[in-house]
There are 2 protein chains.
Amino acid sequence: MLRLSKFADYGTQVMAYMAKDGAVHSASEVAAGVGMGVSTVSKILKMLARENLVASVMGAKGGYMLARHPRDISMAEVIYAMDGPISITECSGTSACERESICSTRVNWQGINFIIQDALAKVSLAEMIAPKPQVVNVSGLRSRRASA
Amino acid sequence: MLRLSKFADYGTQVMAYMAKDGAVHSASEVAAGVGMGVSTVSKILKMLARENLVASVMGAKGGYMLARHPRDISMAEVIYAMDGPISITECSGTSACERESICSTRVNWQGINFIIQDALAKVSLAEMIAPKPQVVNVSGLRSRRASA
DNA sequence: CTAACTAGTACTAAAATAGTCCCACTTCGG
DNA sequence: CCGAAGTGGGACTATTTTAGTACTAGTTAG
């Protein structure tokens, strides 16, 4: 269903929580803050740390903090950290679909993928946590749908 | 992973196969044509028929044909027929997320959803089967970051 | 030197997907 | 009028993904 994994959603929430200040938060603190299990949040933070979206501080009194300003972190990065490459189809990046010959739709899927990646890359975490929808204006488009 | 189901992909291929001519094709014929199992193709065609993307002819010598010109069928419709509503997040349409209070990102997810829907709505089946990427130019966008 | 943390990974459970099959109904052709 | 060739619509099962948990090792403040 073209659906993001829950992790991507969780990841966003965790990032949003941390974006409130620049302080160091331990995994358990974040877990309490966003209302999820400690283990799960811990896992998510590790994933985010691996992609350098949050910086970790080890040892006692350690924890995580946002690695950059919310404005400089894109949703594409968050999603990538949680779910891997943003690609709607399996065979668009790596290609290697055995039906390559029959199916000439690959190139066009790639184009669609680019649009989506771009849309996600253009939305920053800062915009994402803004109470009002100021996001989303890639071009002049709104939900103009379906003519074509 | 923000991934489309295989069905959406299969559906596209089936549609692409049928777009070659306006003739009636039986499920087994299509199956042979695209190299998939008859049962699977049959299921896909049924799904497409339910959304009126293909018209069915019952009885012996029956089968399916494209309900409209490839130019008048959008990828959004095909994906909708196979996977249901195009929405990246669970709680964007129906909302009703118990963390509503904590999480202010909903509205912005919706905006992203719109972009994606729009991108998909703008690509017709005809464009999709075109050998060259003539699709995809919503704005002047390139593929900024993403696969990082 | 120990308590409070993160790092990394392996494992398990749950859910969504994909694929198959079956039975009822419709129509063509002999 | 009968049977073969089709679709319509589910139900069912296996497989794969996803989500969640636990465990061990390493790091640092006090």
Side-chain angles (χ1 to χ4, degrees), chain A residues 1-14 18 23-32 34-67 79 81-85 87-91, chain B residues 1-14 18 23-67 79 81-85 87-90:
Chain A
M1 300 171 188
L2 186 57
R3 213 188 49 229
L4 231 42
S5 74
K6 273 190 189 172
F7 279 135
D9 195 29
Y10 291 170
T12 307
Q13 292 189 230
V14 167
M18 311 245 304
V24 174
H25 304 276
S26 72
S28 46
E29 188 201 323
V30 176
V34 299
M36 304 192 255
V38 178
S39 310
T40 302
V41 169
S42 178
K43 182 180 184 176
I44 289 165
L45 282 165
K46 284 173 201 170
M47 294 171 100
L48 293 169
R50 236 185 316 134
E51 292 296 323
N52 298 309
L53 295 178
V54 298
S56 64
V57 179
M58 291 219 269
K61 302 239 165 190
Y64 300 87
M65 65 177 101
L66 246 46
I79 293 172
M82 305 305 298
D83 287 356
S87 174
I88 246 179
T89 45
E90 288 181 42
C91 38
Chain B
M1 300 173 189
L2 186 56
R3 213 189 48 229
L4 232 41
S5 73
K6 272 191 190 174
F7 279 136
D9 193 30
Y10 291 171
T12 307
Q13 291 189 231
V14 166
M18 311 244 307
V24 174
H25 303 277
S26 73
S28 45
E29 188 200 324
V30 175
V34 299
M36 304 193 255
V38 178
S39 311
T40 302
V41 169
S42 179
K43 182 179 184 176
I44 289 165
L45 282 164
K46 284 173 199 169
M47 294 171 100
L48 293 169
R50 238 187 312 138
E51 292 296 322
N52 296 311
L53 295 178
V54 299
S56 64
V57 180
M58 290 219 269
K61 302 239 164 193
Y64 300 88
M65 66 177 101
L66 246 43
I79 293 172
M82 306 305 298
D83 287 356
S87 173
I88 248 180
T89 46
E90 286 179 44

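Reckoned from all heavy atoms, side chains included, excluding hydrogens, waters and symmetry mates. Below, read A as the first sequence line, B as the second, and so on, with proteins coming before strands; counting in each chain starts at 1. Keep in mind it's a predicted model, so treat the numbers as computed, not measured.
In this structure, B/L45 places its CG atom 19 Å from P of D/dA5, rounding to the nearest Å. One interatomic measurement links the two molecules: CZ of B/R50 to C1' of D/dG9, which rounds to 8 Å at whole-angstrom precision. Note: CE (A/M82) to C1' (D/dA19) measures 11 Å, nearest angstrom. Distance NZ (B/K6) to P (C/dT20): 11 Å, rounded to an integer number of Å. The nearest whole Å value for the distance from the CG atom in A/L48 to the P atom in C/dT6 is 13 Å. If you take CD1 of A/I44 and C1' of D/dT21, they are 13 Å apart, rounded to a whole angstrom. If you measure from atom CE of A/M47 to atom C1' of D/dA19, you get 10 Å, rounded to the nearest angstrom. Here C/dT26 presents its P atom at 6 Å from CE of B/M58, a figure rounded to the nearest Å.
Comparing D/dG20, C/dC21, D/dT7 by their nearest atom to the side chain of B/S26 picks out D/dT7. Residue B/K43 has its side chain nearest to C/dT20 when only C/dT6, C/dT27, C/dT20 are considered. Residue A/K46 has its side chain nearest to C/dG8 when only C/dT20, C/dT6, C/dG8 are considered. Checked against C/dG19, C/dA7, D/dA19, the side chain of A/A49 finds its nearest nucleotide in C/dA7. Here the side chain of A/T40 is nearest to one of D/dG20, D/dA19, C/dT6, namely D/dG20.
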> Could you walk me through whether B/K43 and B/S39 pass the side-chain contact (heavy atoms from CB on, under 4.5 Å) check?
Replying inline: CA-CA 6 Å; B/K43 182 179 184 176; B/S39 311; over 6 Å; no
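Nearest heavy atoms, A/V24 versus A/K61: CG1-O, 4.4 Å. In this structure, B/A67 and B/N52 approach most closely via the heavy-atom pair CB-O, 3.4 Å.
Comparing B/G59 and A/F7 by the nucleotide of DNA chain D that holds the closest heavy atom to each, the one mapping nearer the 5' end is B/G59.
Listed pair B/Y10 / C/dA18 fails the phosphate criterion, with no side-chain N or O lying under 4.0 Å from OP1 or OP2. For A/Y64 and C/dA7, the shortest distance from a side-chain N or O to OP1 or OP2 is below 4.0 Å. Contact annotation: B/S5 reaches the phosphate of C/dA18 (side-chain N/O to OP1 or OP2, under 4.0 Å). Phosphate contact (OP1/OP2 of C/dA7, side-chain N/O of A/S56, threshold under 4.0 Å): present.
Residue A/G37 is out of contact with every strand shown, counting any heavy-atom pair closer than 4.0 Å. Residue contacts for B/K61: at a heavy-atom cut-off of 4.0 Å it reaches the sugar-phosphate backbone alone, with no base atom in range.
When atom types are taken as modelled, the side chain of B/T12 and the backbone of B/A8 share a donor-acceptor pair closer than 3.5 angstrom.
In this structure, the side chains of A/E29 and A/Y64 stay at 4.5 Å or more apart for every pair of heavy atoms.
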